[in-house]
Asker: 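Take a look at this one; I'll ask things after.
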Amino acid sequence: SLFAVGEIAGTLDGTAIPGPEALRNVLSPLLDAAGAVAVDRGPQIAVLPRWSPPVARLGNADLAVERDAAAASVRRAQDADLPAEIRIAARDAARGHRRYVISSKRREGHSARVEQIDLACALDPALAAALADQLLLARWSGREEVEFSLPPGRLELEPGDVVTLAADPSAGRGRDA
């Protein structure tokens, strides 16, 4: 099959696409709001939950490191770049497809940014509220981006896999990437 779909919760009542549109443009906001990612796995597109258990733990010895370079680099988004509020617009099938907007606000931090997402679909307002809360949490908890390379011997890992990167052993901490 062309698609492999993981466990994604929620029900979409329907969507309307006003004209010719790329599939990516239609699915991207829906997947983002649902806490899912689509990854290319060769002959398949896998739709997976954004947060899933790690499939491997990687230490510095497991990474491909070039001479005089760090094993991994971490980039952290600034608070001002992250949303203080997320607004999701959708339509309520139970109320004649009336358009509504649900928002979730962060109570702390210094950001004033508002992110607006129009899902162009019919969705239960309670589900939209839960998605807005989850999406705001995901934006803030996922604000660190880790970049690293693997040697050819680690081909068992696929795009979309979650791994734990071991940090400095003296610190005793790791991070999921």
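Because the structure is predicted, anything quoted here is derived from the model rather than measured. We're numbering straight along the sequence, starting at 1.
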Asker: Which heavy atom in Gly59 sits nearest to a heavy atom in Ala166, and how many Å separate them?
Answerer: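 That would be CA-CB, 4.1 Å.
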Asker: Main chain of Ala84, side chain of Trp140: is a donor-acceptor contact present, judged purely on distance under 3.5 Å?
Answerer: no
Asker: Less than 4.5 Å apart, any side-chain heavy atom of Arg41 and any of Leu48?
Answerer: yes
Asker: How about CD on Glu156, more than 12 heavy atoms from neighbouring residues, nucleotides or ligands closer than 6.0 Å, or not?
Answerer: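 Enclosed: over 12 neighbouring heavy atoms sit under 6.0 Å from CD of Glu156.
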Asker: What do the steps show when you test Asp118 against Val101 for side-chain contact (heavy atoms from CB on, under 4.5 Å), and what is the final call?
Answerer: CA-CA 9 Å; Asp118 189 346; Val101 177; over 6 Å; no
Asker: Any ion pair linking Arg154 and Asp161 (charged N to carboxylate O, less than 4.0 Å)?
Answerer: no
Asker: Answer whether the closest heavy-atom distance between the side chains of Asp32 and Leu135 falls below 4.5 Å.
Answerer: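 Result yes, sub-4.5 Å side-chain heavy-atom pair found.
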Asker: Should Asp79 and Arg143 count as an ion pair when the cut-off is N to O under 4.0 Å?
Answerer: yes
Asker: Report yes if the side chains of Leu63 and Leu58 come closer than 4.5 Å at any heavy-atom pair, otherwise no.
Answerer: yes
Asker: Which residue, Ile86, Leu123, Ile102, forms the side-chain contact (heavy atoms from CB on, under 4.5 Å) with Leu131?
Answerer: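 Of Ile86, Leu123, Ile102, side-chain contact (heavy atoms from CB on, under 4.5 Å) with Leu131 is met by Leu123 alone.
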Asker: In terms of side-chain geometry, is the basic nitrogen of Glu115 or Arg139 positioned less than 4.0 Å from the acidic oxygen of its partner?
Answerer: yes
Asker: Is any side-chain heavy atom of Leu31 closer than 4.5 Å to a side-chain heavy atom of Val47?
Answerer: yes
